[in-house]
Structure formats: structure tokens, C-alpha cells
Amino acid sequence: MSEERSLNFLEEIVEEDLRTGKHGGRILTRFPPEPNGYLHIGHAKSICLNFGLALKYGGKTNLRFDDTNPVKEDIEYVDSIKEDVKWLGFEWANELYASDYFNQLYDFAVILIKKGLAYVDDSSAEEIAAQKGTPTEAGTPNQFRGRSAEENLQLFAEMKDGKYPDGAKVLRAKVDLASPNMHLRDPLMYRIKHAHHHRTGDTWCIYPMYDFAHGQSDAIEEITHSICTLEFIPHRDLYNWFIEQLEIFPSKQYEFARLNLNYTVMSKRKLLQLVTEGHVEDWDDPRMPTISGLRRRGYTPASIRDFCDRIGVAKRENMIDVSLLEFCIREDLNKTAWRRMAVLDPIKMVITNYPEDETETMFGENNPEVEGGEGGRDIPFGRELWIEREDFMEEPPKKFFRLGVGLSVRLKSAYIVTCNSFVKDAEGNVTEIHCTYLPESKSGHDTGELKVKGTIHWVSVAHAKTAEVRLYDRLFQVEDPSNEDNDFKEYLNPNSLRILSNAYIENDLATAIPGKGYQFIRKGYFTLDKHSTADKLVFNRTVTLKDGWVKK
RNA sequence: UGCCUGAUAGUAUAAAGGUAGUACGACGGUUUUUGGUACCGUUUGUCUAGGUUCGAAUCCUGGUCGGGCAACCA
């Protein structure tokens, strides 16, 4: 008995198509980004959906760049998109570009002109908009709509040959100016843009619109299931109309609800703005919801795939809690991250009954979640240690399982210590904590009677390395910054990044591996930042540990 | 005022006329050399009004509410 996971609506469609033998049981999907920005977690949903569907049903997926608007697009984005898709763990069958089909698309347009289904319009953008009418009033035809096929053919060729400046003419499909669907009111097929294209260079000065490129590209590739987001529903009639008139492969479009994540923004335009206006470091700033940002933050491909799996696929609008994303990365890292000790906000502890010049070596396993602990590392121990400032309280409340005068804790992987006193400076700040240790309580060899509730982490003062630690919080202070009254940037969280420049880490962390996740015991999951060097170690906090201790 | 969509615990997502379930969150407990993990338990839901039916989240009718549509963007 295999556990039955219910199907989402797209899986049901695919299974039905498989059952009826549509397309001979062949499944081919595509992921079609426009290379005008970096991929974000919303794209990850689409990627997991398109590649996942094909994988599940023995099909394939094409990576196709929807590069029909040269002024917004760039090779930099193409490269980053390929890297991100690969990093997520997917392999495309073919790397394709809508621009590969420019000749074919041009021929398609000629066919429609010959069939009397397309015409060259000399109107301005404003005139065309006005002539389209409104949702409640039909559009009105202009004098260009009646041009002969011969004239249209010649004008279109001249458009292509660069005889006209930008905006002088467009090619329009002749569909239905009275359609209740605005997209069918003689939509534009081609516009003139004397712009350099990142792939076709200056070969073209006319470029097809999305509606005249996407469905045709799907048909050329014989995509069986063309999956896009809800806002393309009104385009579907047009998608089908072009395919029918052209009598090409009948790809079908299906729509699902895009991902919305709270406390962030997801539109490429807004993300670009955050970058260009310097609110974040770059597209891969660890606070960004981009794939590259998440990667730099310490998210793993598996955690993102798991997330996409858990949020499901449906047609209703949604707003997912970031806490689910955080759950997914904790779940993954808990099983894979090596445990290390790091003191983020240090205060000195002196073990007064420990010999001045002595050092010991303690052992700490790498990962208690795995049989055998995946090995471990030596941890130097001495009379003076750094501990976390918040692990000591002058006047500890009840149930404070840490340090205060008279309280005992275990030092992780080492001894039990009891606090006897502390030292304050002139301003009243605690500067040193004095403890005594129980020699018989050594980790793994504890023969003593004393049992303690709390265990704290520490780093030997004599052996500690210094590191910069960057703590990240949500980028925005409100759940849905795009949907507030004011500009979304007014809701930026001023404390989304906190830099601790003087954290102490155990010496083993000096050889931390880039890209690997580490759990700083009791503090969270961290990973090396891309700017980290041997001289200046920099760690990013991926996510905190779940904190079940409710402060009173 | 038109057209297209959608509506199930706090958030997502199942139930294809027959016991409203699952995950995350929250809350409580057990275990613990991480106040983590693991394990156990509790909590809260079918937008609304009618109708069909032995029986409706599901089918029908009306309403309410949300999202989208009038870029030479995708």
C-alpha cells in the first residue's frame, strides 16, 4: 500500500490526458522566463511545477527565454536564470529562445496577413488605446483596418526593413473589436523597436508581442501543457485563436495561482527598484526573495523544493507565511548542518578553580541527528571562556535555566560550572562572571551527582577566532507591502540587517566550507557569506532556531 | 455598469453526493548535555440565503466578498 497523496488539478489534467492517449502519452512542459531580472521564490514554484510535472509523468521540460523585448533584457539575466534553475536541481531538455523563432514568427504573421487576419495600423498608441473602447463599450474600427492584403504585406515588409521609426506603425490581428475580452480587440502582434537585441543583435527592428510569440513558441516546440499564472487567463482565448488560425500544434494553456509570500515583495519591477536604489546590496542580498538571495542566505535547493511541494498548487489567490519557508530550511539543516559553537554577544567567564595555564581538548560530534554523529572535532577548553551575555542574569527569574549567582549549568561538551560572583565596571555593566567547575562532571565521564537543567555554549578565550556575523530579519514590516496605501518602500524594515562585528567562534570554524550550513548551537543556522575571507570571516544567519522559551 | 476568475481552521491544501482530513502555526505534555530535535496531545473551518436529495463543502438559483482584464510589458 503506497500512501496516497492527492493530486493537484494539473496532475489530474495530465493523468486524464495520459488516460485518453492525448499526444501519444507524451508530456512536454516549459519554463519560460523573460531574461529581465533574477529569478525569485515565486519562479521556484513555477519551476518545481513545470519540471516536477514532467518528471512525475515521464516527460521533459524546455527552458525557454521569452526574449521578445530587447530593451528590458540582458545576457546577465540569462546566465543567472540558468544557474538558478540548475542549482535548484533541474535539468532542461533544451535551452531555447523565443528569438530563435523570429523568422518563423515573421512567416506566421505573413500567413495571417494573407488570410486577411492581420493589418498594419499607422495609429499612435494613444489612438489605438482609445479605439479599443472600454470594458463596457465596444471598440471602433479605423481606416487602416480595411487595408488590402497586398498593401499590408508591403507595409509589413517595410516595417521589417527599417523604413519606419519606432511607433510609426504596428501589425495588428483582426479579431473582434467588440469582444467582451479586451485582449481580442485587435491585439498588437508586432511593434517597431530599433533596439539591439542581446542575441539577434541588430538583425531585427520589429519585435513580436508576448501574445504573438508565446503560444507560437509553445506550438513550435510541441509543448503539451503550457502552464502559466492566473493573470494570463484573459490571454487564453487569443492564445487559442492564433494557434487555430495558423493551424499549428495545439498546445494548451493552463493557469495556476502565483505564490505570494508575506513580508516581502515579489514583482521584478519592485525587486529591481530595491537593488537600483540601494535598499539592498544586490539581487543576491540575503534578504531578497530571489533564488540567489536565498542561496547566499544559506537556503538549500532541497528546502526550497520541499517548500514548493508543501504550498500546493491551486487556482485561488494565496498568501503564504514565511514561517513555512523557515520550517522547511530548519527541517533540512537540522539533519545536515554540522554543530559548532559561536558566541555572538560575548561576556567573559573565568573558572576560578581551573589551573591558570592548563588547556584541555573536548570532543564535539558534528551532527547528533545522524548515527555516529558524522564524526566530530576537538574543542579547546581553558580557564577563560566567552559565553553569551544573555546566558547570565544578575537577578534571574524563576525557571531561568542559565547562569546567575548560585546557579549551575553545563558547558556543552565540557564541565558543569556554578556561578559564584560577577564583576561590574564603573557604569554598572557586568564585565566578568566568576564560576567554579566540577572536575568529575566532564562530558562523557560524568561521575558526579549534580544534574542541571541548562546547557550553554562557549568558546575558549585563548583559542577563539573572531568573525563578523550578519543577522537578517524580514525586509518589510507589513505583511503585504504592495497592497498598502503608501509606496511599498515606506514599509521597509530598518532593522532587517544587524551586523555583529565581534563574535567569537570556535577555531574549527576558521576552515568552514563555503556553501555548507552550520548550526551555531542554540543560536541558529549560519553559512559563510560570499565576501568571507581567511582574514575576515563573515557568516550569514540563515534562520534562527525555533525558540520555545517564552520570556516572561 | 461589462467580461473572466475564485471562496474549506490563523495560513495553505484535501475530501469527485456518504465520518470535513493533512501540513505549518499556536497551546500543553514527555524525552533531551542545544529552552533545538524527536514523540504525544489540544485548539479552531465549509462566505451567505434558498432549493434538489434519505444525505450537499460538492449539484441548482440568488446574493456577498476577493483577484484579474482597456501596456507598442511579459
Side-chain angles (χ1 to χ4, degrees), chain A residues 4-8 12 32-34 36 66-69 71-73 98 121 123-126 128-130 132-139 166-172 179-183 185 188-193 206-207 209-211 213-214 228-237 255 257 262 268-269 307 309-321 323-328 330-331 334-335 339 341 364 368-369 399-402 409-414 416 441 443-444 446 451-457 519-524 544-551:
Chain A
E4 287 287 311
R5 237 295 219 105
S6 55
L7 305 176
N8 66 47
E12 285 182 3
E34 181 187 15
N36 66 343
D66 232 331
D67 56 349
T68 57
N69 187 1
V71 302
K72 285 188 171 181
E73 297 154 8
D121 192 328
S123 309
S124 68
E126 297 71 34
I128 288 176
K132 278 192 181 180
T134 69
T136 51
E137 298 163 72
D166 290 7
K169 287 179 166 46
V170 292
L171 183 70
R172 287 228 257 170
S179 172
N181 182 348
M182 299 295 293
H183 291 273
R185 321 252 262 227
L188 270 63
M189 294 164 61
Y190 269 92
R191 76 284 215 191
I192 299 171
K193 268 183 201 282
I206 57 170
Y207 292 93
M209 299 290 291
Y210 165 86
D211 285 306
H214 202 96
C228 60
T229 47
L230 254 28
E231 64 268 30
F232 289 96
I233 288 177
H235 296 253
R236 190 174 58 225
D237 288 342
E255 311 87 8
N262 58 187
K268 280 193 206 167
R269 204 194 95 245
F307 172 74
D309 209 44
R310 287 169 183 270
I311 58 178
V313 178
K315 293 188 82 118
R316 80 184 80 113
E317 305 279 342
N318 57 75
M319 176 69 80
I320 308 282
D321 280 342
S323 63
L324 184 62
L325 222 205
E326 293 176 346
F327 165 82
C328 291
R330 285 194 188 104
E331 177 107 319
N334 177 50
K335 293 189 177 68
R339 314 291 130 126
M341 292 199 282
E369 294 297 310
K399 296 209 177 165
F400 184 70
F401 305 142
R402 310 182 193 178
V409 295
R410 172 172 292 281
L411 296 170
K412 176 75 182 173
S413 302
I416 290 176
S441 67
S443 183
D446 193 344
K451 295 279 178 265
V452 292
K453 270 293 220 181
T455 300
I456 66 169
H457 56 103
Q519 185 194 97
F520 290 1
I521 291 174
R522 300 208 304 140
K523 297 309 308 181
T544 61
L545 252 30
K546 195 171 152 191
D547 190 359
W549 187 54
V550 277
K551 285 135 192 127

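Side chains included, hydrogens not; waters and symmetry mates left out as well; all remaining heavy atoms used. In the text below, chain A, chain B and the rest are named by the order of the sequence lines, each starting its count at 1. The model shown is predicted, which means the values in this text are computed figures rather than measured ones.
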ask   = If you look at every strand shown and take non-hydrogen atoms under 4.0 Å, does A:P33 touch a base, only sugar-phosphate, or nothing?
value = nothing

query = Donor-acceptor pair under 3.5 Å: do we get one between A:H183's side chain and the base of B:rA71?
reply = no

query = Touch check for A:G548, heavy atoms < 4.0 angstrom, all strands: base, sugar-phosphate only, or nothing?
reply = sugar-phosphate

ask   = Going by the angle between their ring planes, with limits at 30° and 60°, are A:F400 and A:W549 parallel, tilted or perpendicular?
value = tilted

task = Can you tell me the distance, in whole Å, between the NZ atom of A:K315 and the P atom of B:rU5?
result = 8 Å

message = Counting the atoms with a prime plus P, OP1 and OP2 as sugar-phosphate, which does A:S124 contact under 4.0 Å by heavy atoms, base, sugar-phosphate, or nothing?
response = base

request  = Using a heavy-atom cut-off of under 4.0 Å over every strand shown, decide if A:S123 touches base, sugar-phosphate, or nothing.
outcome  = base

query = Quick one: which of B:rA12, B:rA38, B:rA74 gets closest to the side chain of A:M319?
reply = B:rA12

inquiry  = Rounding to an integer number of Å, can you tell me how far A:L324 CG sits from B:rG10 C1'?
reply    = 13 Å

ask   = Once you round it to whole Å, what is the distance between C1' of B:rG6 and CD of A:E317?
value = 8 Å

key: Protein-nucleotide distance (A:N8, atom CG; B:rG6, atom C1'), rounded to Å   = 17 Å

ask   = A:K546 side chain: which of B:rU37, B:rG35, B:rC73 is closest?
value = B:rU37

inquiry  = Using a heavy-atom cut-off of 4.0 Å across all strands, would you classify A:Y210 as base, sugar-phosphate, or nothing?
reply    = base

request  = Between B:rC73, B:rG36, B:rC72, spot the one nearest the side chain of A:N69, thanks.
outcome  = B:rC73

message = Any N or O donor-acceptor pair under 3.5 Å from the base of B:rG36 to the side chain of A:E369?
response = yes

request  = Could you say whether A:I311 or A:R191 is positioned toward the 5' end of RNA chain B, judged by the nucleotide with the nearest heavy atom to each?
outcome  = A:I311

ask   = Of all the nucleotides listed (B:rA14, B:rG35, B:rG68), which has the minimum atom distance to the side chain of A:P234?
value = B:rG68

inquiry  = One pair to check against side-chain contact (heavy atoms from CB on, under 4.5 Å): A:I192 and A:K169. What are the steps and the verdict?
reply    = CA-CA 7 Å; A:I192 299 171; A:K169 287 179 166 46; 4.2 Å; yes

task = Look at the side chain of A:R316 and the base of B:rG66, then say whether one donor and one acceptor between them are separated by less than 3.5 Å.
result = no

inquiry  = For a quick check, tell me whether the side chain of A:R410 and the base of B:rU33 share a donor-acceptor pair closer than 3.5 Å.
reply    = yes

task = Can you check whether any acceptor in the base of B:rU33 is under 3.5 Å from a donor in the side chain of A:S443, or vice versa?
result = yes

query = Contact class for A:G139 (heavy atom, under 4.0 Å): base, sugar-phosphate, or nothing?
reply = nothing

Salt bridge flag under 4.0 Å for residues A:K193 and A:D166 = no

request  = Output yes if the stacking criterion (under 5.5 Å between centres, under 30° between planes) is met for A:F327 over the base of B:rG25, else no.
outcome  = no

task = Quickly work out the A:D121 CG to B:rC72 C1' distance and round it to whole Å.
result = 11 Å

remark   = From CG of A:D321 across to C1' of B:rA26 the rounded distance in Å is 12 Å

ask   = Taking only N and O in the side chain of A:R236, is any of them less than 4.0 Å away from OP1 or OP2 of B:rC4?
value = no

task = Can you tell me the distance, in whole Å, between the CG atom of A:L188 and the P atom of B:rA74?
result = 10 Å

task = Quick one: label A:D66 by what it contacts on the DNA or RNA (base, sugar-phosphate, nothing), any heavy atom closer than 4.0 Å.
result = sugar-phosphate

task = Please tell me which of the listed nucleotides, B:rG35, B:rA15, B:rA23, lies nearest to the side chain of A:R310?
result = B:rA23

inquiry  = Over all strands shown, is A:R339 touching base, sugar-phosphate only, or nothing at heavy-atom distances under 4.0 angstrom?
reply    = base

request  = Name the nucleic acid region contacted by A:Y207, choosing base, sugar-phosphate or nothing; use a 4.0 angstrom heavy-atom cut-off, strictly under.
outcome  = nothing

message = Can you tell me which nucleotide in B:rG25, B:rU34, B:rU13 comes closest to the side chain of A:I521?
response = B:rU34

request  = Provide the closest heavy-atom pair for A:E73 versus A:E34 in the form atom of the first, atom of the second, distance.
outcome  = OE2-OE2, 2.6 Å

message = Check this for me, if you would: do A:E255 and A:K315 make a salt bridge, where the nitrogen-to-carboxylate-oxygen distance has to be below 4.0 angstrom?
response = yes

query = Could you give the CD-to-P distance, from A:Q519 to B:rU33, as a whole number of Å?
reply = 16 Å

request  = Find out whether A:N36 and A:N69 are in side-chain contact, i.e. whether some heavy atom of one side chain is under 4.5 Å from a heavy atom of the other.
outcome  = no

ask   = So what does A:V452 touch, heavy atoms closer than 4.0 Å: a base, only the sugar-phosphate, or nothing?
value = nothing

query = Are any non-hydrogen side-chain atoms of A:E326 and A:D321 less than 4.5 angstrom apart?
reply = no

query = Within the modelled atom types, does a donor on one side and an acceptor on the other bring the side chain of A:R330 and the base of B:rU37 under 3.5 Å apart?
reply = no

request  = Quick one: label A:A314 by what it contacts on the DNA or RNA (base, sugar-phosphate, nothing), any heavy atom closer than 4.0 Å.
outcome  = sugar-phosphate

query = Is the closest basic N to carboxylate O distance between A:E331 and A:R310 below 4.0 Å?
reply = yes

Earlier contact from the 5' end, RNA chain B, for A:Y190 and A:I233 = A:I233

message = Over all strands shown, is A:F307 touching base, sugar-phosphate only, or nothing at heavy-atom distances under 4.0 angstrom?
response = nothing

